[in-house]
Amino acid sequence: MRQRKRGDISRVPGLFSMNINGMRELFNSGNSVEETIHSTFDKIERSKLNAFITLSKEIALEEARILDKNGAKGMLGGIPIGIKDSISTKGIQTTCGSKILEGYVPPYDAHVIERLKLEGAIIIGKTNMDEFAMGTSTETSYFGPTRNPWDLKRVPGGSSGGSAAAVAGGEAPIALGSDTGGSVRCPASFCGVVGLKPTYGLVSRYGLIAYANSLEQIGPFARNVKDVALLLDVIAGYDSKDSTSINEKCEYLKALRYDVSDVKIGVPKEYFGEGIDEDVEKAVWKGIKTLEDMGASYTEISLKHTKYSLAAYYIIAMSEASSNLARFDGLRYGLRLEKDKDWHNTFSEIKAQGFGEEVKRRILLGTYALSAGYYGKYYLKALKVRTLIKRDFESALKDTSVLITPTMPFPAFKIGEKIGDPLALYLADVNTVPINLAGVPSISVPCGFSGKLPIGMQIIGRHFDEATVLRTAYAFEQGGGCDT
Amino acid sequence: MKDVIIGLEIHIQLNKLRSKLFCSCSTKYHDSEPDTHTCPVCLGLPGTLPVINRKAVDSAIKVALALNCEIEEWTMFYRKNYYYPDLVKGFQISQYDYPIAIDGKINIEIEDVEREIRIKRVHMEEDPGRLIHVGTIDRSRYSLIDYNRSGMALLEVVTEPDLRTPKEARIFLNKLKNILEYLDVFDSSLEGSLRSDANISLAGGARAEIKNISSYKGVEKALLFEIVRQNNLVRRGVKVVQETRHFDEARGVTISLRTKEGEEDYRYFPEQDLVPFTILDRVDDIKKTLPELPDAKRKRFVLKYGISDNHAKVLISELGLANFFEIVATELDAKLSATWIADVLKGELNYRDLDISAFSPDHIIQILQMLEKDKITENGAVQIIRTIMDEGGKPSEIVDRKGLLKIETDASENIVLLVLEENPAAVQDYLGGKEESLHYLMGQVMKKTRGRADPNTVSELLKKKLGC
C-alpha cells in the first residue's frame, strides 16, 4: 500500500523543486504528507551532498502520519525543513558540527523550533555546518565537507552550507541557518538560493548555540523570496526567553509587491573594491540596473569605515567565542574521556580532542584579545569601530531605502582550495561582516552566473525594515533578475 | 599588636526569592535531592540565554538602600571567565563596572564606641553549583557536584579595608546579617546563605585573601589564625606573599590555594545576552517598602518605652525578639517586659539554642502578670519559663502542678520561726556579729518554702525576729 503511494508521489513533476504553496496544494488535494517525507528521505539518502549530519526520519514520519490523519494545518503544514545543527532540537542530536558535541541530544527546543512545530513544519534533519559556525565553506565540520549541488567539487559556502545545499539540491524546500558574519548569505550566494539575515533582535536566539552572541541571528533559506518571507513570518517575533529580542515584527509575506518605484538604492563603492571577481561585479551592477528599469533609483555612496570592519568583526567574534565555548568541558554532556582524570587534565583533554583547528585558533585569539592589558587595545577598540560602522549604515540609510552590494567577492571555490589559508578565508567575509556589526537586515538573492556557478546579490535594509528588503528582492526576482 | 587591615567580601544568597536569578527554577532546593531544581538555563546547556529576575534586582536595591549606598542610574552585567567544575558555562554572570550601588556605610559598635565601616560596592551575580569534597579539599579523591544552587541570586557586598580586628569583622557580619533579616531578603538559617571572603594584611605587608568562609564564626577564626600565621612568618624573617587561601573550618586553619603569579585573569567583558537597564526609577517605590531598620528601632525603643539602651540593643538584635517585646510591652510595663525578655527569656533561649519563636508572647504576658500581682516570686517566674521550654505546658497549669503560688507573709512568719528554732547555733553566731549567718538562715527558709516566699519579706522577718 505504502509502496504504491510512494511511487505516485515521486512521479509528481517537480516535487523536489516545489515551493511551499505548491506543496501545500499537493497535500490539500489529498496527497500524503508521509509519502512526501518518505520520498524526501529517499532522495537525501542517495545524495552525494552530505548536507545533513543527522536525519530525524522516525520523528518526521510520525509527525507526517499525524498530519495525514488530522489534516496538514498551519502555515507550514507538512512542509519538510532542514535545521542547521547549531539550533537546539529536543530529542534530535545537535552537534554544531563538532566532535565535542557528538551524541548530545538537547532536552529542549529552540524558540524557532517551537514556532515551526506550531505551524506544522516537519523537521527532517540537522544540516551540516562549519564547526561552531566558524568558517566560510563548511569544510571545518567534524562530519566532513558538504558539496555544492552546482559543482560537487566545490564548497557550498558556510557556515550554514548544509542548509543552503539541501535547499539548492532539492532535499528540502526550506531550511534554517544562522548568520554571525555572513553564514546564511554566503552559502545562499554560492548555492544560488535566497537567504536572509534578519535584524539583530527580530528572531529569538534562544536555543541557538552561540558562537558570537552579539552578532548572530537565525535566518531562513528558500528557493524564492516568497518562501523566505513566509518562513520569516513564522520564526520572527518577541520571545521573553531572549533578553535581546525586540517586538518589531511585521507581516512579511503581505509586504511583497511587484513594485520598487519608491525604492532608493545606495551603492557603497567600498563593496566593489579590490578582490571582487569581474563576473560578480558585472552581475550585481546588472541587477541594480534591472531594478532601476523597474522604477527604483540609485546613487553611489560611501561607507567610510568599511576597511576596519573585518578586523573589528574578528576581534569581537573571537572574543565572544572564547567565552561562549568555555562551557564544553565534557562534564555534563558531549564528549567524555574513556577514563576520567583530575579536573584540569580532564577538561583540557576534552577540549584538545573535541575542538578542531579553526575553533582552537579562534578561542586562543579571542582569549588573548580579552586578556588583562589587551582588552582596551583590542576588544574595546573593536566595539568603538563597531559603533562607527553602525553609524555609517544609519546615515547612509537615511537617504536610501536599501543598499546593494555583491554578497561574496567571488563564486564558490573548490573544496580544499582555501582551507589551508585561514586569512584568505577571513577576507572572503569582507562584504557580509559589516552588516552583522551594524545589526541591520540583509538578504542574498541569486543575480546571475559565473560560468555554471551562481552569484548572489546582497540587499541591505534599515533596522527592522525586512519588509522593504524582501519587497526589493521579490520584485527583482519576479522581474527575471536571475536570468543571464 | 601590629596594624591589621581587614576587608570583607560577603556573598548573600537571596534565598527568599521564589525563583533563581536568570531562570524560573524554584529556590527552595535545600531539602531536595541533587540536581532536582535545574533547567536548561541554570545548567548552562548550549543555546540557553539568561533573563534577569526583576524581583532580585529590587531586593538588591533594597539592601543597597539599607546600607546607605548610592544607587547607580543604570546597571549592566559582565562575564567573569574561569574554569571550575561547579561553573556550568565556564563563566559566571556577574557585575564589574556599573554595579547596582556604590559608596555605602554601616555603623558598628566596638566596646561602646561607634565606628563607621564603609561599603565600597554592592553587586549581583549568579551562584555556581555546590561541590562536595569527599574528605577535605586538599586530600579529596573525588568530588560530587550538585547543581541545585547553580543560578541562585547572590548579592556581593564589598567593604573598604576599614576593619581592624577579627572581632570587628564578626561584629560587622552580625550587624549586616541583622539588617538583612529586617529586610526579609534572606533566611540565614539555610546552608550557604552567607559566605565571606576576607582580605587581611599586617603592618603594610602583602595581602592574603581567604576564600569562601561559610560561617559567621569562621570569619573571626580564620582571621585570628591568619594573624598568628603572618606574625610567625615576619618573626622568622620570611616575607609574607600575596596569595589566595582556603579556610578549613574543621581544622581551623587556612591553607594556600594559589599565589599572585597563579592568580586568574578573569577577562571580564560585557554580557551581551542581557541588556543594560535603568534602576534609578525603582528607588522611590522600593524606599517606601523599607522597614524600620535595627538602629532606628533601637532608638525608638529607648524613646518610646523608656527602656535602657542595653536592653534595646539586645531586643533589636533579632527581628523576632523585637516584635515579641512590642507585643508584650503593649500589655504590661515596658521596663519590666524588657528586663524579663532581654535578660531572662533571651538567656534561657540561648542556653537551649532556641529561637524566640519557640516561646509564646501570651505565656510571658501571663507569667509577668502573675508576678506583677504578687502571685508568684521572681524565682517562681523563672521556673515557669524553664518548665515551658523543657516540658511544655501553660503558666497557670505549671503554677498549680509545681505549687509555685507565693507564700503569704503569715505563712512565711511561721516558717521563719521554725527555722530559728531549728538552728540555734546560727542564731548565736549572728547575734555574736557574724553577718553571713543571716544568709544561711535565709537559705534554710527558702529551702523549706521551695522558693515560693518573697526573699525581701523573709529577710525583713528574720531581722525582726532576731531583734535588730
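Note that the structure is predicted; figures quoted are calculated from it, not measured. Sequence lines set the chain letters: A, B, ... in the order given, protein chains first and strands last, and positions in each chain run from 1.
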- request: Using a cut-off of under 4.5 Å on heavy-atom pairs, state which of B:Pro270, B:Gly90, B:Pro85 scores highest against chain A.
  value: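 When all of B:Pro270, B:Gly90, B:Pro85 are compared, B:Pro85 has the most.
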- prompt: Who wins among B:Val275, B:Val88, B:Leu274 for the most heavy-atom pairs under 4.5 Å with chain A?
  reply: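 Between B:Val275, B:Val88, B:Leu274, the count favours B:Val88.
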Given a strict heavy-atom distance threshold of 4.5 Å, which part of [X] is in contact with chain B: side chain, backbone, both, or neither?
{"X": "A:Leu208", "answer": "backbone"}
{"X": "A:Ser319", "answer": "backbone"}
{"X": "A:Asn324", "answer": "both"}

message: Is it the case that over 12 heavy atoms from other parts of the model lie below 6.0 angstrom from the CZ atom of B:Arg18?
response: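 At most 12 heavy atoms, drawn from other residues, nucleotides or ligands, come within 6.0 Å of this atom.
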message: Looking at A:Lys360, I want to see if its NZ is surrounded by more than 12 non-hydrogen atoms of other residues, nucleotides or ligands under 6.0 Å.
response: yes
- request: Can you tell which part of B:Asn81 gets under 4.5 Å to a heavy atom of chain A, answering side chain, backbone, both or neither?
  value: side chain
task: Check each atom of B:Tyr147 against the heavy atoms of chain A and say whether the ones under 4.5 Å are side chain, backbone, both or neither.
output: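 Answer is side chain: those atoms of B:Tyr147 sit under 4.5 Å from chain A.
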Under 3.5 Å, which donor-acceptor pairs do the side chains of residues 369-382 of chain A form with other protein atoms, sequence neighbours left out?
from, atom 1, to, atom 2, distance (Å)
A:Ser371, OG, A:Thr367, O, 2.8
A:Ser371, OG, A:Tyr368, O, 3.3
A:Tyr379, OH, B:Gln272, NE2, 3.3

Chain B neighbours within residues 210-217 of chain A, where any heavy atom lies under 4.5 Å away: A:Asn213, A:Ser214
- prompt: Which of residues 91-100 of chain A have a heavy atom under 4.5 Å from any heavy atom of chain B?
  reply: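 Residues of residues 91-100 of chain A touching chain B at under 4.5 Å: none.
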query: Given the rule in the side-chain contact (heavy atoms from CB on, under 4.5 Å) test, do A:Thr244 and B:Leu49 qualify, once you have shown the distances and angles that lead to the verdict?
result: CA-CA 10 Å; A:Thr244 62; B:Leu49 299 169; 5.8 Å; no
- prompt: In Å and rounded to the nearest 0.5 Å, what is the CD1 to OG1 distance from A:Ile209 to B:Thr48?
  reply: 9.5 Å
- request: Measure the spacing between CZ of B:Phe269 and OG of A:Ser323 and express it to the nearest 0.5 Å.
  value: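 Those atoms lie 4.0 Å apart.
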query: With a 4.5 Å limit on heavy-atom distance, are the side chains of A:Trp343 and B:Ser143 in contact?
result: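 The answer is no, as the side chains (C-beta and beyond) never meet within the 4.5 Å cut-off.
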field: Any side-chain heavy-atom pair of A:His344 and B:Tyr83 under 4.5 Å
entry: no
- prompt: What is the minimum heavy-atom distance between B:Val51 and A:Lys241, and which atoms define it?
  reply: CG2-O, 3.5 Å
- prompt: Using non-hydrogen atoms and a limit below 4.5 Å, what part of residues 35-44 of chain B faces chain A?
  reply: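 Within residues 35-44 of chain B, the residues that come under 4.5 Å of chain A (heavy atoms only) are B:Pro40, B:Val41, B:Leu43, B:Gly44.
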